[in-house]
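Throughout, residue positions are numbered sequentially from 1 according to the sequence presented.
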Amino acid sequence: MAGGQTAKVPRKVYEQELLRLQTELVRLQEWVRAQGARLVVVFEGRDAAGKGGTIKRVTEHLNPRVARIAALPTPTERERTQWYFQRYVAQLPAAGEIVLFDRSWYNRAGVEHVMGFCTKEEHQRFLHQCPIFERMLVEDGILLRKYWFSVSDTEQQERFRKRLEDPLRRWKLSPMDLESITHWEAYSRAKDDMMVHTDIPEAPWFVVESDDKRRARLNMIAHLLDSVPYHGVPEPSIELPERPSSTGYERPPRDLQTYVPDHAARL
């Protein structure tokens with residue numbers, strides 16, 4: 001495994017620490033909401049690097065009205081004529097919101113560049129404009145965190161194989177994913193070039209070694225929490241009210257409504 005890591009995190013240790021970190025994420029969420037902060041977290045990396053699974057663990061116990069996932073589809077013909085960053089700007093958070101980008105504007109530095117979906121001029125323009133764009137976000141007060149999930153070629157191949165054999169996960173495996181196998185070195189060069197231009201002091205890249213999914217999730221969440229100066233905020237005082245006495249309401253007969261069949265009773 002990359003970085004000399006060999007032993008996988010035991011499941012019991014992982015689940016205990018994940019729950020602790022998720023509790024802290026809720027505290028972070030409440031701080032973001034109370035302070036009117038704006039937090040953007042970018043998840044990038046190769047296909048099957050573990051981005052989606054980590055995002056699920058980050059958002060599992062968060063309020064979807066505060067923390068939302070931005071996973072944009074292929075741009076429309078109209079969007080192709082816009083300034084490249086324009087459709088991503090529309091996804092940025094307002095005060096009191098967290099946005100997690102499941103892939104982001106860095107599509108242009110990776111798949112678009114490697115697979116020829118953009119011109120060399122568009123790629124070079126992106127590498128020039130991206131640091132400027134991100135400095136503008138940070139200068140405006142947005143908390144920007146960028147994570148690159150690093151997976152080895154052998155581990156990626158194994159994850160692709162498991163997806164192919166699992167009917168519940170086969171939808172995750174697209175023809176574009178398979179293309180990435182034959183373009184491994186091209187993606188590596190594209191990533192290196194991207195890092196040179198966009199790993200800036202105002203918005204640095206943080207690399208997450210992700211051959212061990214459990215380790216990657218814990219490491220990424222712990223780092224995010226450590227990087228944001230949040231603190232606990234007072235919770236509103238809430239008391240469960242007494243149920244009032246009946247005023248004579250009677251529920252309509254059950255046969256006047258259509259119920260779903262009791263599938264569970266046949267198990």
Legend entry - Minimum heavy-atom distance between L224 and V41, given as atom pair plus value: CD1-CG2, 4.1 Å
Inset, instruction - Verify the neighbour count for atom CZ of R169: are there more than 12 heavy atoms of other residues, nucleotides or ligands below 6.0 Å? - result: yes
Inset, instruction - Salt-bridge test for R108 and E112: reply yes if a basic N is under 4.0 Å from a carboxylate O, no otherwise. - result: yes
Legend entry - Presence of salt bridge, R33 and E30, under 4.0 angstrom: yes
Inset, instruction - Output yes when R20 and E24 qualify as a salt bridge under the 4.0 Å nitrogen-oxygen rule, no when they do not. - result: no
Legend entry - M195, CE: over 12 other non-hydrogen atoms inside 6.0 angstrom: yes
Legend entry - Within-4.5 Å side-chain heavy-atom neighbours: P93 and I98: no
Inset, instruction - Supply the atom-to-atom distance H197 NE2 to Q124 CD, rounded to the nearest 0.5 angstrom. - result: 6.0 Å
Inset, instruction - Would you mind telling me which of K172, R163, R103 makes a salt bridge (Lys or Arg N to Asp or Glu O under 4.0 Å) with D47? - result: R103
Inset, instruction - Please report the closest heavy-atom contact between A190 and A109, naming both atoms and the distance. - result: CB-O, 3.5 Å
Inset, instruction - Check the angle between the aromatic planes of Y187 and H183 and answer parallel, tilted or perpendicular using the 30° and 60° thresholds. - result: perpendicular
Inset, instruction - Of all the heavy-atom pairs spanning I200 and P131, show the shortest one and how long it is. - result: CD1-O, 3.9 Å
Legend entry - Main-chain N/O of F43 paired with R145 side-chain donor or acceptor, under 3.5 Å: no
Legend entry - Min side-chain heavy-atom separation N107-Y84 under 4.5 Å: yes
Inset, instruction - Indicate whether the side chain of Q156 and that of W184 have a donor and an acceptor atom separated by less than 3.5 Å. - result: no
Inset, instruction - Write down the atom of V42, the atom of W205, and the distance for their closest heavy-atom approach. - result: CG1-CH2, 4.4 Å
Legend entry - Between R46 and S188, a side-chain donor and acceptor under 3.5 Å: yes
Legend entry - Ring centers of F206, W148 separated by less than 6.0 Å: no
Legend entry - Any side-chain heavy-atom pair of E97 and V32 under 4.5 Å: no
Inset, instruction - Considering only NZ, NE, NH1 and NH2 on the basic side and carboxylate oxygens on the acidic side, decide whether D140 and R38 come within less than 4.0 Å. - result: yes
Legend entry - Distance-minimising heavy-atom pair for G248 and S246: N-OG, 3.1 Å
Inset, instruction - Indicate yes or no: at least one non-hydrogen side-chain atom of L144 is less than 4.5 angstrom from one of L39. - result: no
Inset, instruction - Hey, can you tell me if F126 and F85 have their rings parallel, tilted or perpendicular (30° and 60° cut-offs)? - result: parallel
Legend entry - Partner of E134 under side chain to side chain contact (heavy atoms under 4.5 Å, CB included), chosen from E202, E139, K146: K146
Legend entry - Reported CD1-to-CE distance for the pair I142 and M136, which is rounded to 0.5 angstrom: 10.0 Å
Legend entry - S104 and E44 side chains, donor-acceptor separation under 3.5 Å: yes
Inset, instruction - Using atom types as modelled and distance alone, determine if a side-chain donor or acceptor of Q157 lies under 3.5 Å from a backbone N or O of T154. - result: no
Inset, instruction - Could you tell me which non-hydrogen atom of Y106 sits nearest to which non-hydrogen atom of C130, and how far apart they are? - result: OH-SG, 3.4 Å
Inset, instruction - Kindly compute the distance separating CZ (R217) from OG (S210), expressed to the nearest 0.5 Å. - result: 10.0 Å
Inset, instruction - For the pair E60 and R57, find out whether any cationic side-chain nitrogen is under 4.0 Å from an anionic carboxylate oxygen. - result: no
Legend entry - Gap separating the OG1 atom of T59 from the CG atom of L25, nearest 0.5 angstrom: 9.5 Å
Inset, instruction - Supply the atom-to-atom distance R214 CZ to Y14 OH, rounded to the nearest 0.5 angstrom. - result: 7.5 Å
Inset, instruction - Count the heavy atoms of every other residue, nucleotide or ligand shown that sit under 6.0 Å from CD of Q257, and state whether that count exceeds 12. - result: yes
Legend entry - Test: R161 and E165 ion pair at under 4.0 Å: yes
Legend entry - H223 and Y147 aromatic ring geometry - parallel, tilted or perpendicular at 30°/60° bounds: perpendicular
Inset, instruction - Indicate whether the side chain of W83 and that of Q129 have a donor and an acceptor atom separated by less than 3.5 Å. - result: yes
